[in-house]
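Here is the structure we will look at, set down as structure tokens.
In each ligand, atom 1 is the first atom listed, and ligand 1 is the first ligand listed.
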Amino acid sequence: MLQDQEVHAAQMERTFIAIKPDGVQRGLISEIIARFERKGFKLVAIKLVIPTKSFAQKHYHDLKERPFFDGLCDFLSSGPVLAMVWEGEGVIKYGRKLIGATDPQKSEPGTIRGDLAVVVGRNIIHGSDGPETAKDEINLWFKPEELTSYTSNQEKPDSTPH
Ligand code: GDP
Ligand code: MG
């Protein structure tokens with residue numbers, strides 16, 4: 001039989017979110033993390049990495065035919081990227097909502113790109129676009145042992161004596 005923690009881990013949806021080099025260098029890490037935290041999503045993995053160009057090409061393999069692919073991969077590998085995994089009900093779709101449209105000119109105010117970015121080539125953040133890509137991207141960026149699984153104190157009954 002599955003333990004509580006395993007049931008929890010098996011059921012909970014996860015997505016891959018990355019703050020791209022422009023977001024890191026503009027000092028937007030705390031601002032972006034705060035929006036996911038305040039919504040109520042749970043951070044289960046995080047690390048700062050400078051991806052190689054071939055790693056960036058793997059990450060963006062779906063876009064390899066696009067004219068901006070080479071520049072995009074050069075950019076992603078140009079500096080530190082904050083790679084994260086966030087967990088919660090509906091986090092894949094709602095994470096994209098928090099991020100806003102790909103082109104910041106079309107992102108609604110109130111979204112991360114709408115509030116904090118201006119051009120598509122410098123739109124500061126990446127988020128998985130569906131369950132399959134979320135799984136693939138989490139596996140590409142993180143080793144299984146880097147992913148934590150925990151029940152937050154808010155989710156537990158208060159057992160401290162009064
Ligand atoms: P996302 O899922 O919203 O990030 O968008 P896509 O998966 O379609 O594209 C990946 C990334 O490629 C975007 O976040 C942009 O940084 C970049 N990108 C997408 N479309 C364009 C474009 O038309 N021009 C340029 N320069 N970059 C683009
Ligand atoms: Mg995408």
Side-chain angles (χ1 to χ4, degrees), residues 9-144 146-149:
Q11 287 173 347
M12 259 309 161
E13 184 175 322
R14 290 177 167 182
T15 193
F16 175 70
I17 301 291
I19 305 180
K20 302 196 232 183
D22 48 343
V24 172
Q25 287 168 23
R26 286 180 53 204
L28 295 173
I29 289 174
S30 57
E31 164 81 37
I32 291 170
I33 287 181
R35 292 180 181 220
F36 280 82
E37 280 190 320
R38 290 201 307 250
K39 171 67 181 167
F41 293 134
K42 195 199 288 185
L43 184 63
V44 295
I46 185 166
K47 64 182 173 185
L48 192 66
V49 286
I50 303 179
T52 60
K53 184 159 180 191
S54 73
F55 189 93
Q57 287 165 337
K58 269 188 210 150
H59 171 75
Y60 278 130
H61 66 93
D62 282 353
L63 299 170
K64 63 177 181 296
E65 307 302 335
R66 306 296 291 275
F68 55 83
F69 179 70
D70 197 54
L72 177 63
C73 295
D74 274 337
F75 183 65
L76 193 74
S77 56
S78 70
V81 171
L82 192 75
M84 297 176 278
V85 179
W86 286 86
E87 182 180 282
E89 193 177 326
V91 70
I92 300 172
K93 205 165 173 194
Y94 208 93
R96 296 277 297 188
K97 236 182 204 179
L98 288 176
I99 289 170
T102 303
D103 180 353
Q105 296 290 333
K106 297 184 181 135
S107 314
E108 294 298 322
T111 64
I112 291 167
R113 287 168 174 164
D115 289 347
L116 305 170
V118 178
V119 295
V120 70
R122 296 290 182 271
N123 62 5
I124 69 174
I125 183 167
H126 168 84
S128 306
D129 62 9
E132 281 307 308
T133 45
K135 189 156 65 70
D136 291 349
E137 290 171 0
I138 291 168
N139 289 337
L140 176 66
W141 287 81
F142 288 96
K143 300 187 188 100
E146 292 175 315
L147 302 168
T148 60
S149 184

Atom 4 (O) of ligand 1 [closest protein heavy-atom partner, distance rounded to 0.1 Å]: R113 NH2, 3.1 Å
Numbered atoms of ligand 1 (with element) below 4.0 Å of R96, judged on heavy atoms: 1 (P), 2 (O), 3 (O)
From CA spacing to verdict: side chain to side chain contact (heavy atoms under 4.5 Å, CB included), R35, I125: CA-CA 13 Å; R35 292 180 181 220; I125 183 167; over 6 Å; no
Short N or O distance, L63 and ligand 1, threshold 3.5 Å exclusive: no
Residues, nucleotides or ligands: over 12 heavy atoms within 6.0 Å of K97 NZ: no
Polar contact flag for T102 and ligand 1 (N/O pairs, less than 3.5 Å): yes
Atom 15 (C) of ligand 1: nearest protein contact (heavy atom, Å): V120 O, 3.3 Å
contact_flag K20 ligand 1 heavy-atom lt 4.0 Å: yes
Close approach of R122 to ligand 1, heavy atoms, under 4.0 angstrom: no
K53 atom NZ: more than 12 heavy-atom contacts under 6.0 Å: yes
Nearest-contact summary for atom 18 (N) of ligand 1 - protein heavy atom, Å: F68 CE1, 3.4 Å
Whether F16 and H126 hold their rings parallel, tilted or perpendicular, with breakpoints at 30° and 60°: tilted
4.0 Å heavy-atom contact, H59 with ligand 1: no
Candidate list E13, E87, E89, test salt bridge (Lys or Arg N to Asp or Glu O under 4.0 Å), partner K42, passing option: E87
Distance-minimising heavy-atom pair for S128 and A134: OG-CA, 3.4 Å
Sub-4.0 Å heavy-atom approach of Y60 to ligand 1: yes
Non-hydrogen atom of L72 closer than 4.0 Å to ligand 1: yes
Ring geometry between F36 and F41 (parallel below 30°, tilted from 30 to 60°, perpendicular above 60°): tilted
K20 to F75 six-membered ring, cation-pi geometry met (6.0 Å, 45°): no
Heavy atom of the protein closest to atom 13 (C) of ligand 1 (residue, atom name, distance): N123 ND2, 3.5 Å
